[in-house]
Protein chains: 2
Amino acid sequence: MTSIDDVAKSIGVSTATVSRALRGLSGVSAGTRLRVQCAAEELGYVPSSSASGLASGRTMAMGVLLPQIDRWYFSAVLEGVDRQLRAAGYDLVVFNLGGSGVNRQRVFHRSILRKRIDALLVMCMELTDDELQSLQAVDSPTLVVGGSVRGVRHVGIDDDAAARDAVEHLIALGHKDIAHLRGGGSFGIEFEVPRIREESYLSTMARHGLPVRPEWSVFGDFRFKRGKEAAFTLLRDPADRPTAVFCSSDEMAFGVISAAADLGISIPGELSVVGIDDHEFADPLNLTTIRQSPEEQGAYAADLLLAELEGGAPVAAPGPRPHELIIRTSTAPPHSLPAK
Amino acid sequence: MTSIDDVAKSIGVSTATVSRALRGLSGVSAGTRLRVQCAAEELGYVPSSSASGLASGRTMAMGVLLPQIDRWYFSAVLEGVDRQLRAAGYDLVVFNLGGSGVNRQRVFHRSILRKRIDALLVMCMELTDDELQSLQAVDSPTLVVGGSVRGVRHVGIDDDAAARDAVEHLIALGHKDIAHLRGGGSFGIEFEVPRIREESYLSTMARHGLPVRPEWSVFGDFRFKRGKEAAFTLLRDPADRPTAVFCSSDEMAFGVISAAADLGISIPGELSVVGIDDHEFADPLNLTTIRQSPEEQGAYAADLLLAELEGGAPVAAPGPRPHELIIRTSTAPPHSLPAK
DNA sequence: TTGAAAGCGCTAACAA
DNA sequence: TTGTTAGCGCTTTCAA
């Protein structure tokens with residue numbers, strides 16, 4: 001592996017000059033810089049991140065801590081984070097807690113604090129007190145994405161408003177019998193978010209004087225399969241079922257749509273469905289939903305962190321990221337005629 | 001930040017001893033090791049990865065190069081890779097090419113070769129000759145996951161056999177009019193895979209003496225939306241449409257199912273659908289499919305690389321990973337009565 | 001079983 | 001504008 005010395009010697013300058021030239025620092029003559037760049041290119045020189053990390057104290061990498069990678073929200077946030085990191089010349093290190101267990105400990109104690117990264121982004125999830133303390137102890141800038149975690153600033157949508165907008169859309173259409181398919185924590189993911197959305201559903205219903213039946217507030221886990229199962233329960237009695245379902249995630253809404261299809265219930269004629277997310281499948285499935293952009297949230301959070309690394313002042317309380325009601329054809333006034 | 005020196009001084013041993021004790025090397029007395037471990041714990045010492053990386057030449061990190069993070073296959077592979085890395089004490093660095101453009105170059109030249117990682121896993125995708133050369137130039141162990149890339153060994157299923165199994169399942173049921181919804185390269189993802197599956201479809205049909213109509217071999221991009229659009233075209237004429245569709249991905253198969261629902265075509269009564277993947281949604285949607293496990297593939301590939309890093313001999317040509325026909329209720333003999 | 005000491009390849013003062 | 005020279009915090013011979 002060619003080192004900075006090789007480059008320096010090959011054109012008879014010092015390693016300091018090579019370093020300066022290659023990093024674009026001022027104080028290097030144009031001519032020298034060019035010669036250095038050519039020599040580096042020629043020799044195939046690439047700086048060692050370990051060496052520069054050790055010497056400068058900056059690794060040029062950002063970490064993302066998450067409970068799982070292959071879920072719509074998390075992987076989309078990663079995409080947004082990564083886009084900004086790439087543009088800023090940073091690398092992305094992913095710390096996946098992957099459920100619970102011993103490894104979870106190890107990740108915290110071995111990986112995160114190991115000076116492999118300059119800043120850390122934490123995906124919204126349930127954390128133990130120990131873990132929270134470890135996070136606070138990290139001296140690098142830290143930020144939570146996607147929902148609040150006790151005492152740490154976070155970037156995300158206003159979940160209360162988002163749920164309210166969804167429910168009020170149904171109410172405005174004339175629905176009164178509105179069920180809620182709520183999210184919930186399989187192994188502790190996003191424990192705050194489902195709660196906030198549930199409360200928002202309840203208070204919005206109350207504000208409009210609409211009754212809420214306990215059996216119409218159903219647990220799901222944000223995902224398709226459980227959403228579909230829950231929908232079967234919710235919709236099984238033709239004589240006594242809601243005219244609309246508010247789902248705390250699009251994936252669960254897809255489950256409702258699929259269950260309705262199996263049961264021969266027409267949407268939106270006999271049932272309106274609204275979700276939250278604007279998942280990739282929402283458009284082709286004509287799902288009315290509250291759009292949020294995890295990518296944008298990730299990008300925004302990464303920018304915040306990046307700015308701090310460049311010496312900017314930390315933003316103590318980032319404002320909520322935008323959400324938007326996207327009306328498609330899965331919602332209509334109750335008992336409306338089939339679209340055909 | 002407490003350093004190894006602090007630990008060493010605190011109990012009056014040398015830094016070498018601390019290093020040895022903490023890494024579990026032999027040649028340290030049990031008593032000393034215990035004292036070191038306690039002292040380290042006490043002081044909250046965590047080794048710096050930059051420093052140990054520089055000194056030892058090993059970063060204890062593995063890189064994954066991919067064209068996109070938030071796609072079913074890629075994020076699932078990441079999950080599998082990460083699981084093994086976690087167990088082995090390695091960190092995961094994600095290099096996302098994110099489409100094309102200048103950044104793509106930068107990722108290759110700045111990040112990958114930068115000694116940030118000990119080994120590299122490349123997700124199956126289209127690469128330029130330059131990029132391929134850069135890869136070959138990396139002296140760390142490298143492996144492709146998911147489909148062959150010119151001249152680099154890879155881990156993945158036998159795509160030819162997988163497609164054949166799917167088509168023969170339909171043929172065994174008595175179908176003769178079988179369409180193929182093929183994948184294809186939006187920005188060059190998996191360029192070999194869709195081709196192999198298409199060829200397998202064609203040759204299997206030919207082997208059974210079944211005709212293939214050009215208009216029944218339709219392009220998709222592996223995804224739901226395009227799959228649904230393509231299905232509308234394929235199925236629009238009730239008098240002249242296939243009795244079965246083989247889809248090169250489950251997501252496209254979901255599109256077919258959704259299109260069929262919109263068109264009032266019953267599955268499997270009037271149309272059989274088979275996919276490839278066994279996506280999370282396949283079970284609740286009752287999709288017959290060829291199961292593959294990207295997680296397992298990722299884990300297997302990571303293990304291979306890890307073994308090489310431990311000094312094992314490189315496996316020149318890993319065998320194909322398993323796939324399996326999962327029969328659900330989206331396939332049945334042609335013109336069978338509705339399941340009800 | 002332990003310690004001393006020489007780097008690993010780079011950055012950043014400080015000098016020139 | 002450029003060079004000299006200490007380190008950064010570890011690992012790893014080599015000696016004891």
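Note that this is a predicted model, so its numbers are computed, not measured. As a basis for the values below, the full set of heavy atoms in this structure was taken, side chains included, without hydrogen atoms, waters or symmetry mates. Every chain is numbered from 1, with letters handed out A, B, ... down the list of sequences.
- End-to-end axis angle for the helix from C/dT1-D/dA16 to C/dA16-D/dT1, using five pairs per end and rounding to 10°, comes out at 30°.
- The side chain to side chain donor-acceptor pair (under 3.5 Å) check on B/S29 picks up B/T32, with sequence neighbours excluded.
- Chain B approaches DNA chain C over the interval C/dT1 to C/dG9, counting the first and last nucleotide 5' to 3' with an atom under 4.0 Å from its heavy atoms.
- Every residue two or more places apart in sequence or in another chain was checked for a side chain to side chain donor-acceptor pair (under 3.5 Å) with A/S52, and none qualifies.
- Non-hydrogen atoms lying under 4.0 Å from DNA chain C are contributed by B/L54, B/A55, all within residues 53-60 of chain B.
- Of all the residues in residues 29-45 of chain A, A/S29, A/T32 reach under 4.0 Å from DNA chain D with at least one non-hydrogen atom.
- Residues in residues 7-16 of chain B take part in these side-chain hydrogen bond (donor to acceptor under 3.5 Å, both in side chains) pairs, two or more places apart or across chains: B/S14-B/T17.
- Listed in residue order, the members of residues 14-27 of chain B having a heavy atom less than 4.0 Å from DNA chain C are B/S14, B/A16, B/T17, B/R20, B/G27.
- Evaluation of the salt bridge (Lys or Arg N to Asp or Glu O under 4.0 Å) rule for B/E79 yields no partner, not counting sequence neighbours.
- Applying the side-chain contact (heavy atoms from CB on, under 4.5 Å) test to B/I11 and every residue at least two apart in sequence or in another chain returns B/V13, B/R35, B/V36, B/A39.
- The side chain to side chain donor-acceptor pair (under 3.5 Å) test applied to B/R321 returns B/E296, not counting sequence neighbours.
- Applying the salt bridge (charged side-chain N to carboxylate O under 4.0 Å, His left out) test to pairs two or more places apart or on separate chains, those with a residue in residues 303-316 of chain B are B/R153-B/E308.
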